[in-house]
Every structure is written in structure tokens, then in C-alpha cells.
Amino acid sequence: IILQISTGPTTNFASGDIVLENLTTTGDVWIINNGLTSGSDIVQANSSMLIIADSLTMDVQNGFGNGAIGDNVNRILTNVNELEARSQTGGVYIAEADGFTIGGADLGTLTGVSTSANGSIGVTATAGNILLDELVSANGSGDVALVTNAGSIDEAGAGDAGVDIVGDLLTLTTQAG
């Protein structure tokens with residue numbers, strides 16, 4: 001499933017948020033908001049909405065540099081195996097029902113989870129592990145918080161000597177593992 005809002009000669013010249021309700025598939029999902037209006041974000045309709053997919057890619061790159069994926073209070077609720085996301089100053093905020101891997105999504109060209117304009121990253125796994133297969137990078141003064149309520153935070157592949165997490169302030173919290 002590919003869902004995109006952008007601007008151009010055959011699309012809307014005005015844009016806004018992509019507001020998600022329940023989205024369920026056994027396949028892959030790629031959500032793109034490249035709108036030119038301030039506040040062109042990816043958000044949820046309410047706090048009980050859930051995205052269920054094998055892999056999920058979300059990308060917000062609007063013309064004002066302030067795009068967000070969820071927020072620290074109203075995170076995007078997911079139940080996926082792989083996640084990749086990119087936003088701007090608004091940050092990336094995800095609450096995963098199980099464990100999952102950051103990186104490896106089948107749709108899109110992103111690498112890991114990142115922000116491009118000092119945005120922060122907050123990712124929580126309610127049950128299960130967070131596996132790092134690709135970079136988690138909060139640009140500039142952005143902070144990174146990775147939390148597992150019943151699992152661990154670990155590298156997906158053995159022997160990776162590269163940097164896995166970049167941020168101004170890094171918080172890793174695990175309850176097990």
C-alpha cells in the first residue's frame with residue numbers, strides 16, 4: 001500500500017496532515033507526505049488507531065522543515081515487523097505493540113529512522129525487543145529515546161561495527177533483557 005500527498009502539476013497545490021485510522025495489511029505500507037504547507041504531518045485520528053503491516057515506511061519532507069510523524073503524546077501506534085521513518089523538526093514518535101526491527105522495510109528508499117532538522121525520536125516497544133538493523137539519527141540538537149517495556153534493545157546483525165544511534169541526548173530504557 002502506498003499513500004502519498006505531494007504537490008505538482010497533477011496533484012494538490014495545498015496540502016495538510018495525513019490522518020490515519022485503522023490500517024491493516026499482511027503486506028507493506030509506505031506513507032509519504034511531501035506537502036508544501038506548514039504542519040504537513042502524519043498523525044493518528046485518535047489514540048486507539050493502529051497500523052498493522054509486515055513493514056512500514058513513513059516519510060515527511062514538507063517545504064517548511066517542520067514535518068512530524070506523531071508526537072510525544074500521540075504516538076503512531078503500530079504492529080509491524082520492520083520500521084523506517086524520516087521527518088523534520090517535528091520528530092518521529094512511534095509506539096509498537098510487539099517487538100520490531102528498525103530498518104529493512106520493503107518499500108521506499110529510507111535507511112532506519114531519522115530527522116533532518118533538529119527533530120527528536122521517541123520509539124517504544126510495549127512487548128518484545130527493538131532490534132537495530134539500520135541507523136537511528138536525530139539530526140543536530142534532536143534527542144533519541146528508545147524504550148522497551150518487556151524486552152531488550154540490541155543489534156539485529158552480529159559484528160556490525162558502525163554507529164547505530166546518533167542524537168544530542170540518548171536515552172535507552174529496557175525492562176528486561
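Computed from heavy atoms alone, side chains included, the values below leave out hydrogens, waters and symmetry copies.
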- Please say which of I69, I42, N33 ends up in a side chain to side chain contact (heavy atoms under 4.5 Å, CB included) with S87. I69
- With no hydrogens and no angle check, is any side-chain donor or acceptor of T25 less than 3.5 Å from a backbone partner on G27? yes
- Note on the structure: One should read off an interatomic distance between L146 CG and T124 OG1, to the nearest 0.5 angstrom, of 8.5 Å
- V123 reachable from I153 in the ILVMFWY side-chain graph, under 4.5 Å edges: yes
- Query: Roughly how far, to the nearest 0.5 Å, is the CD1 atom of I76 from the CG atom of L56?
  - Reply: 8.5 Å
- Heavy-atom closest contact (T115 atom, S120 atom, distance): CG2-O, 3.8 Å
- Query: Will you find, in the side chains of S55 and D28, an N or O donor that is under 3.5 Å from an N or O acceptor?
  - Reply: yes
- Sequence neighbours left out, what pairs pass salt bridge (Lys or Arg N to Asp or Glu O under 4.0 Å) with at least one residue falling in residues 82-103? D59-R86
- Calculate, to the nearest 0.5 Å, the distance between atoms CG and CD1 belonging to D133 and I102 respectively. 10.0 Å
- Query: Considering the options V80, N81, L131, which one meets the side chain to side chain contact (heavy atoms under 4.5 Å, CB included) requirement together with T101?
  - Reply: L131
- Query: Distance from I94 atom CD1 to I130 atom CD1, nearest 0.5 Å?
  - Reply: 10.5 Å
- Linking I/L/V/M/F/W/Y whenever any side-chain heavy atoms sit under 4.5 Å apart, do V19 and V60 land together? no
- Query: Do Y93 and I165 belong together in a cluster built from hydrophobic side chains that touch within less than 4.5 Å?
  - Reply: no
- Task: Look only at the side chain of D143 and the backbone of L169, and say whether a donor-acceptor pair between them is shorter than 3.5 Å.
- Result: yes
- Counting distance only, does the side-chain N/O of N118 pair as donor-acceptor with the main-chain N or O of S141 below 3.5 Å? yes
- Query: Roughly how far, to the nearest 0.5 Å, is CZ of R75 from CD of Q44?
  - Reply: 11.5 Å
- What is the distance from atom CG of D154 to atom CG of D164, rounded to the nearest 0.5 Å? 9.5 Å
- Query: Ignoring hydrogens and geometry, is there a side-chain-to-backbone donor-acceptor pair from D17 to D41 under 3.5 Å?
  - Reply: yes
- Message: Once side chain to side chain contact (heavy atoms under 4.5 Å, CB included) is applied, do any residues pair with T173, and if so which ones, sequence neighbours excluded?
- Response: V147, T171, Q175
- Task: For the pair N149 and T174, evaluate side chain to side chain contact (heavy atoms under 4.5 Å, CB included) and give the outcome as yes or no after the intermediate values.
- Result: CA-CA 6 Å; N149 293 337; T174 64; over 6 Å; no
- Task: Write down the atom of G103, the atom of E134, and the distance for their closest heavy-atom approach.
- Result: CA-OE1, 3.3 Å
- Message: Check for me, please, whether M58 and V43 land in the same ILVMFWY cluster - side-chain distances under 4.5 Å, paths through other members count.
- Response: no
- Query: Out of curiosity, does I18 fall in the hydrophobic cluster containing L110 (side-chain heavy atoms, cut-off under 4.5 Å, transitive links)?
  - Reply: no
- Message: Which Ile, Leu, Val, Met, Phe, Trp or Tyr residues join L50 in one cluster when any pair of side-chain heavy atoms under 4.5 Å counts as a link?
- Response: I52, L77
- Task: May I have the step-by-step check of side chain to side chain contact (heavy atoms under 4.5 Å, CB included) for I51 and L20, ending in yes or no?
- Result: CA-CA 8 Å; I51 299 171; L20 301 171; 3.4 Å; yes
- Taking every non-hydrogen atom, the tightest pair across A138 and G119: CB-O, 3.5 Å
